[in-house]
Amino acid sequence: MRYCSTRGQVQGLSFKETVMMGLANDGGLLLPEQIPRLSPAELAELADLPYAEVAFQIISRFATDIPAVDLKDLIDRSYAGFDHPEVTPLVQQGDLYILELFHGPTLAFKDIALQFLGNLFEYLLEQNGERMNIIGATSGDTGSAAIYGVRGKRNINIFIMHPEGRVSPIQELQMTTVTDKNVFNLAVDGTFDDAQSIVKEIFGDLEFKQRYALGAVNSINWARVLAQVVYYFYAWIQVQKQTGCSEIEFSVPTGNFGDIFAGFIAREMGVPIKRLILATNSNNILSRFVLDGDYSTAEVHQSFSPSMDIQVASNLERYLYFLFDRDSGKLCSAMEEFKQTGKLLMNKEQRREVQKTFAAATVNDDTTLATIRNFFTQTGYILDPHTAVGVAAGRQITSGGCPLVCLATAHPAKFGEAVNKAIGQDPILPPAFQGIAELPKRVERIAAETELIRNYVADHAL
Ligand SMILES: *Cc1c(COP(=O)(O)O)cnc(C)c1O
């Protein structure tokens, strides 16, 4: 399997090279040259396999330059620490199926990709005799999942900046109570945007980037998308077993278009997905893209589902590349236009094509809380606010006639404040997190100044 960039200047990469490159050197995103399609017979063969085995069957079709025994071991180790034997169990609640993606170490779906990516990085660095210093900024979920993905790993240090006092208490504790030597938590005196622009500046210094072998873990890495493709297969298998229906719909709480793009790949690979429902909060650039063919930025609003508070969805470029029939020239002009004007408009034909695969709805904060409340009253099950956005959107626009699977992207205890607002009680923290506030912490407070942070990285880098 070979990989190329959406922008056309990088071609013929192996899987290993693709993972190590992250963002393509031409500024584009990396994709496989072809998407393998499974026959109905091959799909049926997955039916009785445990999660890690399904993962191996899918991932091995893309990671063709990693020996099978090694890949199996990487996958097994990535999912052994999940607190549910099925890794991503599917539970029926009322007329819906909830795919619980929050059984990893930080209680959010990003663990599914980042546990795998951490092991993969360690394996590839060891092979190449290289090291990596990961730098990132987080508004909450990604930072803790990335830290848990690489804690204690050889040849990797990680520096994660979070805006001091502006992430939820549990998210902060999840990061700062990791005391492994290779993990550096920086509590930055500033906002998330300040921290993010410092990261960009540091990466923009190419000499520094090379000297310290800087790496990133953001959702543009192909290995992250790939690990997420697996649970669309797994969910379809479970639903089919339980209902006998072959076609299903998914509702996906969406921010950066990473998770739902994995669903698109699963559909291309032959999973009978009727439609993917794209659910956004009031930061609805992507819903507008699907409904009106209008991809134009607006201001970011704070919502009860903060991990979806984004305006520019970096993974959309991957989908646009398919929409433009893999025409890099067309894609490059579109991205340039977007950069210049903050706006892209699809024509009628493109809009029709998008709507063959996707439906979309926007869910505001009031509806999010009402959904948590009503769902709890009806079923006794507590949704986190991100999942509630997906449930509300799914209910509104499901085409009916086939099972609807809503992706549960976080455990409700991670967003206890919003849940409490909705149902007047706190969700119960899973056992691994009880007593977390009393654990020893490792965190450095630092001013939001690029020079200070660059020096800190230089002093503590591998
Ligand atoms: C990151 C995140 C999302 C959004 O996922 P994307 O891949 O960015 O679309 C949704 N819910 C939660 C809880 C998240 O952490």
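For ligands, and for the atoms within them, numbers begin at 1 and follow the listed sequence.
The residues lining ligand 1, counting any heavy atom closer than 4.0 Å, are Phe109, Lys110, Asp141, Pro253, Thr254, Gly255, Asn256, Phe257, Gly258, Asp259, Ser307, Met308, His386, Thr409, Ala410.
For the pair Arg318 and Tyr321, the cation does not sit on the ring face, since its NZ or CZ is not both under 6.0 Å from the ring centre and inside 45° of the axis.
Under the 3.5 Å distance criterion, with hydrogens and angles disregarded, a donor-acceptor pair is assigned to the side chains of Asn364 and Thr367. Of the N and O atoms on the side chains of Gln238 and Tyr97, not one donor lies less than 3.5 Å from an acceptor on the other residue.
Aromatic ring centroids of Trp222 and Phe15 lie 6.0 Å or more apart.
Applying the side chain to side chain donor-acceptor pair (under 3.5 Å) test to every pair with at least one member in residues 19-33, sequence neighbours left out, gives these pairs: Ser5-Asp26.
Residue Glu417 places its CD atom among 12 or fewer non-hydrogen atoms of other residues, nucleotides or ligands, all under 6.0 Å distant.
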